Amino acid sequence: MMQRSEEERFYMTCRAAYLSVFRSSLVNMTSKDQLCSVLQQAGRNPSQKALDKYWPPGTKKLHFDDFCEILKKEKAAEPDQLMRIFKKFDANCDGYISHEELSRILTSSGEKMLPKEVDEIFSLADVNKDGKLDYAEIGRLVIGQNGIMSTPAVSCVIRKIKAIGGIILTASHNPGGPNGDFGIKFNISSGGPAPEGITDKIFQISKSLQEYHICPELKVDLSIIGKQTFEVDTFKPFTVEIVDSVESYAEMLRDIFDFAALKALLSGPNHINVRLDAMHGVVGPYVKKIVCEELGSPANSAVNCVPSEDFGGHHPDPNLTYAADLVNTMKGGEYDLGAAFDGDGDRNMVLGKHGFFVNPSDSVAVIGANITSIPYFQKTGVKGLARSMPTSGALDNVAKALKMPLYETPTGWKFFGNLMDAGKLSLCGEESFGTGSDHIREKDGLWAVLAWLSILATRKQSVEDIMKDHWQKFGRNFFTRYDYEEVDSDAANKMIDHLQTTMSDKAFLGQKFSSGDKTYQVEKADNFEYTDPVDGSVSKGQGLRIIFSDGSRIIFRLSGTGSAGATIRLYIDSYEKDPQKIYQDPQVNLVKSYPFFHKIFVLPLHILLQKNIYLFIHSFILSF
C-alpha cells in the first residue's frame, strides 16, 4: 500500500470530517454548531470557550480552508483520554460497550439524545453487528527490528509504551525450526503473562470466530527503524512502528545496575574474563550490545550470538546437558564466569571457574542475600522474596535470616506478577533456571547474569567463593530433580492418588527415617494449595509435598496427562548445615541422605515406571 506524507494524511482527515457533515467541501459552515460537528468528526473535542474564539459574534460563515486552519490548532483527544472515557461507559469492564450502556449514558447525561438517535449511532459503529462496540481497537503495532525481541524486552517495551498487551511467537527453551516447537504467548498491559481468566476467554472467543480479514498488500519493512503508516478500512490509519528493542532494554538496565562498576569489572585493569553463550537464541544481540560493546568485554567472550530459526540445530535449554560446550570450555579455567541463555532469553545458567555449577535455586538465594549490590534495590528497597513451590528452600533461609517476607507460589510466573503489581515482591526465582525481579513482569536471563556480575564487583570474590561463603552462613539445600516422561497416564494417576491417600493418614505425620547419623521426621504432608494474598484466588492440587522437620522435602508433580502420556516430576531437597558436609557433591549427598528413598524409589523407577507405576509405588509406600 502507498504510504502518504503527514500533510497528505492531515488533508485527508480534514476532508473526511468535512464530508461527513456536508455534501461538498465547497459548502460553507453557517453556524457554530456546524463547526462543532465537523471538529468532532475529526476527533477533536472543542470546549465552548474554544468555539466562541473560532466563531466570534458577527461571524456569518467559514470555509473549508478555515476549518483546516482551526483543526491544526485543536489538539486531538489522546488515546488514553478516550480510553478512560469509554471505560466509564463500560459498566461491567469487559472491553465492550453494549447498546444498553451507551443508551443509558446518552439519554440521561449532558446534551440528552433521543433513543432513536442512539440507535442510529450504534448501528453505524457496530460494524460486525454483534451488539457490542469494541472501543479498544488496535491502531498501532510495535515490532522489534528484524522481528527479533527477547521475552524480557517484550515485557520492558509493553510497560514503557503503556501498550494494552503483546504477542510473543516463541519456541521458548525447546528445539525450534520447521520441525520444532512453536508457541503463541499473550502478555497483558503489565508486561506479564496473561492470567488464566484472559487466556480462557481468548480460547472461548476463538471457537466462535466465523471469519477473519487480512491485508495481503500491507508490506512492512522490518529492517527499518521508525513508523510506517497505512490506510486501511478502519476509522483511523494503522501504524506499524519498528523499534530497536535492544536499546530500549539496555536503557532500562542502565537504571538498574552500576554500569561504570560493571565496565571496570569486565574491561578495567583487573578485569575478569567471562564466557556467555546465547545458544543462537534472540538474546545474542543483547549480549553483544550490552556486555561487549557497552561494558567492554572482548567480542569473543560472547558466542553463538546470531539468532537462528532452528537455534543452529541445537536445543536452547541452558542446563548442564544442552550447554555442554560451555561447561567444557569453563572447565579449562580460562574464564571466571560463564552463562548460557535459552531461546527467548528469559532463562539462564551461571557457572564459575573450572565449571563450578550454580544451582538455579542457589542462584536466586545468593542474589537475595546480596541484593543491595544492585543500585535499583538501594533506591526501591526490598518488598519481598518469592520462589515456586518445587524450588529448593535456599531462598527461605535468606528471607528468614534477613527478616524479609517470603512467598511460596505454584509454578508459573503469573503468580509472581500478581505479587509485584501489588507491591509485595522484589525478587523471585524458580528451579527451572528462571530468575527475575519487579523491573519487568517476566524472568530475565541477562538481568540475572548482570546481577551476579554486580555481586562479583562488590565482593571481589570468585563465583565459587561467594557460593561457599553463602552455604557457610545459611546452610546448603542439596537439590535434584528427576523427570519421567511419556509414562502411562492411568498408572501415573493411580500412583499419585495412592501416595496422597497414604500421606493423608494421620499416622504418616511424625514418622522418623534414619540415614547414617541423620534422622528425618515427617512434619507435614499435603497437596500444595495456594491462596493468592492479592486477589484471594485459590490454586489447588499443585503437587504432593512431604516436608521434614529440618526443612528437607520430597515433592511429586504430575503434568501432561494427555494422549502422549504423563510426566512425573520428582524433586528432592535436603537441607544441610554441618560445615563438614556442605561441600559434598549433590548426588552423593542425596544418595547418603536418602538411602531408604533412593534404593526403593529412584533406582527401580528408571526400570519400572514405564511398566507398572502402581505396584512399584505401593512397595515404596510400604517401606515407610
Side-chain angles (χ1 to χ4, degrees), residues 359-362 364-365 385-401 404-411 415 428-432 471 474-482 495-516 518-531 533 538-559 568-578 581-582 586 589-598 600-602 605 617 620-624:
N359 184 290
S361 300
D362 282 337
V364 67
L385 309 176
R387 63 168 175 81
S388 62
M389 184 272 286
T391 303
S392 90
L395 189 61
D396 305 44
N397 303 329
V398 173
K400 183 178 180 180
M404 297 178 183
L406 186 283
Y407 301 92
E408 181 182 23
T409 74
T411 298
F415 297 102
C428 54
E430 55 188 18
E431 49 78 32
S432 55
W471 294 332
F474 299 101
R476 182 178 183 182
N477 286 75
F478 287 92
F479 180 83
T480 194
R481 163 179 155 180
Y482 295 90
M495 170 190 131
I496 293 297
D497 290 344
H498 196 153
L499 182 56
Q500 185 166 3
T501 299
T502 301
M503 289 168 51
S504 301
D505 191 330
K506 292 181 179 180
F508 188 67
L509 295 180
Q511 286 194 41
K512 296 181 180 180
F513 307 95
S514 297
S515 173
K518 191 164 184 177
T519 298
Y520 296 89
Q521 183 173 11
V522 179
E523 184 177 89
K524 186 175 184 179
D526 65 6
N527 194 337
F528 181 59
E529 180 176 305
Y530 176 70
T531 300
V538 179
S539 301
K540 298 182 178 181
Q542 297 297 309
L544 304 183
R545 303 185 300 174
I546 301 173
I547 304 174
F548 300 97
S549 57
D550 68 344
S552 299
R553 303 177 305 157
I554 300 173
I555 296 167
F556 300 85
R557 289 184 65 235
L558 176 63
S559 62
I568 296 174
R569 292 191 170 90
L570 165 66
Y571 309 82
I572 303 176
D573 178 13
S574 175
Y575 180 69
E576 182 59 70
K577 59 183 179 181
D578 186 340
K581 298 179 180 178
I582 58 175
N589 176 277
L590 291 168
V591 170
K592 289 182 178 178
S593 299
Y594 288 96
F596 64 91
F597 180 79
H598 197 272
I600 300 175
F601 185 71
V602 178
L605 187 55
I617 196 63
F620 161 64
I621 293 169
L622 288 179
S623 72
F624 274 98

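Numbering of residues begins at 1 and proceeds along the displayed sequence. Fair warning: this is a prediction, and the values are worked out from it, not measured in the lab. Only this structure's heavy atoms are used, side chains among them; waters, hydrogens and symmetry mates stay out.
Put simply, OH on Tyr571 and OG on Ser361 are 10.0 Å apart, with the number rounded to the nearest 0.5 Å. To the nearest 0.5 Å, atoms CZ (Phe415) and CD (Glu430) are separated by 11.5 Å. The CG atom of Asn527 sits 5.0 Å away from the CG atom of Leu544 when rounded to the nearest 0.5 Å. One distance of note links CZ of Phe528 with OG1 of Thr409; it measures 7.0 Å at 0.5 Å rounding. Here the CG-CD distance, from Leu558 to Gln500, works out to 11.0 Å after rounding to the nearest 0.5 Å. In this structure, CD1 on Ile546 lies 5.5 Å from CG on Leu499, to the nearest 0.5 angstrom.
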Using side chain to side chain contact (heavy atoms under 4.5 Å, CB included), reason through Phe548 and Tyr575 one step at a time and then give a plain yes or no. CA-CA 10 Å; Phe548 300 97; Tyr575 180 69; over 6 Å; no

Original post:
Can you list the steps and then say if Met495 with Phe556 is a side chain to side chain contact (heavy atoms under 4.5 Å, CB included)?
Top reply: CA-CA 10 Å; Met495 170 190 131; Phe556 300 85; 4.0 Å; yes

### Task
Take Trp471 and Asp362, measure what side chain to side chain contact (heavy atoms under 4.5 Å, CB included) needs, and give me the verdict at the end.
CA-CA 9 Å; Trp471 294 332; Asp362 282 337; 3.5 Å; yes

- Between Ile572 and Tyr482, does a side chain to side chain contact (heavy atoms under 4.5 Å, CB included) hold up when you go through it step by step? CA-CA 9 Å; Ile572 303 176; Tyr482 295 90; 4.2 Å; yes

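In this structure, the side chains of Val522 and Phe513 come closer than 4.5 Å at one or more pairs of heavy atoms. At a threshold of 4.5 Å between non-hydrogen side-chain atoms, the residues Arg569 and Pro390 do not count as touching. For the pair Leu570 and Ile554, the minimum side-chain heavy-atom distance is below 4.5 Å.
Smallest separation of non-hydrogen atoms from Lys577 and Ile582: C-CG2, 4.3 Å. A pairwise comparison of heavy atoms in Ser432 and Arg481 identifies CB-NH1, 4.1 Å as the closest pair.
Pairs engaging residues 386-396 under the salt bridge (charged side-chain N to carboxylate O under 4.0 Å, His left out) rule: Arg387-Asp396, Arg387-Glu408 [sequence neighbours left out].
In this view, Asp526 and Lys524, Arg545 satisfy the salt bridge (charged side-chain N to carboxylate O under 4.0 Å, His left out) rule, not counting sequence neighbours. Take Asn477 and apply the side chain to side chain donor-acceptor pair (under 3.5 Å) test, not counting sequence neighbours, and it matches Asn397, Asp573.
In this structure a side-chain-to-backbone donor-acceptor pair under 3.5 Å is present from Gln542 to Lys540. Using a distance-only test at 3.5 Å, with no hydrogens or angles considered, no donor-acceptor pair links the side chain of Ser574 to the main chain of Ser552. No side-chain donor-acceptor contact under 3.5 Å links Gln521 to the backbone of Lys512.
Salt bridge status for Lys518 with Asp578: absent, with no side-chain N to carboxylate O gap under 4.0 Å.
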